[in-house]
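Order of the sequence lines fixes the chain letters, A, B, ..., with proteins taken first and strands second; residue numbering starts at 1 for each chain.
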Amino acid sequence: MKSEPSDVSIDDLASLPDQTIDWYGVRNYQARNFMRDQMKPGDGVLFYHSNCAAPGIAGLAEVSKLAYPDRTQFDPEHRYFDAKSTPENPRWVNVDVKLVRKTRLLPLTELYTYPQLANMRTLQRGNRLSITPVDPGEWEFIQTLI
DNA sequence: GCCAACGTTGGC
DNA sequence: GCCAACGTTGGC
């Protein structure tokens with residue numbers, strides 16, 4: 001799961017109550033569907049810093065709550081407000097994510113060097129999704145790097 | 001700041 | 001339903 005550290009960094013997550021955040025702001029249907037349909041409490045999460053000087057995996061986290069309506073879509077003052085969404089028929093959802101532990105920064109440039117990760121979805125050319133599945137083999141390999 | 005890639009919008 | 005225009009993502 002990608003987060004811009006200028007918005008929410010791994011250290012920000014560590015300082016939050018219960019070290020947990022609602023993963024608000026996803027406004028892409030594919031990424032939303034991953035949260036809605038594939039993610040359940042206890043699932044492992046790679047917390048990734050994107051759009052920053054040192055992009056890469058910054059920590060391990062886990063899903064701590066099933067997907068539910070994203071609070072920010074209903075708030076007209078919020079940058080993620082969606083006028084077409086209603087509480088009766090919400091368009092956007094998010095899961096909650098809880099920190100497991102901060103890791104060393106595993107840079108994107110390093111991830112690209114491992115043949116074991118050659119097919120990792122988030123590393124594929126042109127991928128822009130902020131949330132992508134990680135294969136079990138990729139997950140296990142990454143555990144050995146951090 | 002550039003730009004490739006790709007998603008969304010809206011006229012027709 | 002097509003597709004041009006536009007917006008966003010995110011590495012570099």
Side-chain angles (χ1 to χ4, degrees), chain A residues 1-16 19-39 43-135 137-146:
Chain A
M1 301 180 82
K2 300 180 188 173
S3 181
E4 302 192 8
S6 61
D7 187 2
V8 181
S9 71
I10 193 78
D11 290 328
D12 293 332
L13 178 60
S15 70
L16 288 173
Q19 301 191 323
T20 298
I21 192 167
D22 54 325
W23 205 267
Y24 63 84
V26 170
R27 295 295 180 268
N28 171 282
Y29 289 106
Q30 254 187 294
R32 179 204 66 181
N33 293 348
F34 284 138
M35 286 197 286
R36 187 189 63 190
D37 304 333
Q38 318 247 130
M39 296 170 70
D43 286 352
V45 171
L46 301 171
F47 190 104
Y48 180 91
H49 280 175
S50 71
N51 197 23
C52 57
I57 295 167
L60 297 175
E62 65 179 22
V63 177
S64 61
K65 187 176 180 179
L66 278 174
Y68 60 97
D70 179 333
R71 60 185 166 81
T72 65
Q73 69 195 306
F74 307 126
D75 177 2
E77 304 302 312
H78 202 283
R79 60 189 280 238
Y80 290 125
F81 176 65
D82 185 345
K84 295 175 180 172
S85 192
T86 63
E88 294 73 29
N89 193 14
R91 177 173 298 196
W92 306 109
V93 299
N94 60 255
V95 297
D96 282 358
V97 171
K98 180 180 171 67
L99 180 68
V100 172
R101 68 181 171 93
K102 186 178 175 179
T103 64
R104 78 174 176 101
L105 194 281
L106 183 51
L108 178 60
T109 51
E110 181 180 338
L111 295 172
Y112 281 133
T113 67
Y114 298 113
Q116 293 91 333
L117 302 178
N119 295 318
M120 192 171 175
R121 183 132 169 203
T122 195
L123 303 182
Q124 301 309 300
R125 176 183 169 84
N127 173 71
R128 291 186 317 161
L129 284 178
S130 62
I131 300 175
T132 48
V134 179
D135 288 343
E138 295 163 352
W139 175 270
E140 290 306 320
F141 180 69
I142 287 169
Q143 304 307 304
T144 71
L145 300 175
I146 52 185

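R128(A) contributes a side-chain N or O that forms a donor-acceptor pair with the base of dT8(C) under 3.5 Å.
Going from atom CG of D82(A) over to atom P of dT8(B) covers 12 Å, rounded to whole Å. Spacing between atom CG of L123(A) and atom P of dG11(C) amounts to 11 Å, rounded to whole angstrom units. Taking atom CG of residue N28(A) and atom C1' of nucleotide dT8(C), one finds them 10 Å apart after rounding to whole Å. Spacing between atom CG of D7(A) and atom P of dT9(C) amounts to 11 Å, rounded to whole angstrom units. Atom CE in M1(A) sits roughly 15 Å away from atom P in dT9(C) (whole-Å rounding). Here dG7(B) presents its C1' atom at 11 Å from OH of Y29(A), a figure rounded to the nearest Å. Q30(A) places its CD atom 11 Å from the P atom of dC6(B), with the value rounded to the nearest Å. In this entry the distance linking CG of N51(A) with C1' of dC12(C) reads 11 Å, nearest Å.
Aromatic ring centres of W92(A) and F74(A) lie farther apart than the 6.0 Å criterion allows. In summary, the aromatic rings of F141(A) and Y114(A) are positioned with their centroids under 6.0 Å apart.
In this structure, a donor-acceptor pair under 3.5 Å is present between the side chains of D70(A) and T72(A). A side-chain donor from one of Y68(A) and D96(A) sits under 3.5 Å from a side-chain acceptor of the other.
Remark: Y48(A) is not in phosphate contact with dT9(C), judged by side-chain N or O atoms under 4.0 Å from OP1 or OP2. Note on K2(A): every side-chain N or O is 4.0 Å or more away from OP1 and OP2 of dT9(C).
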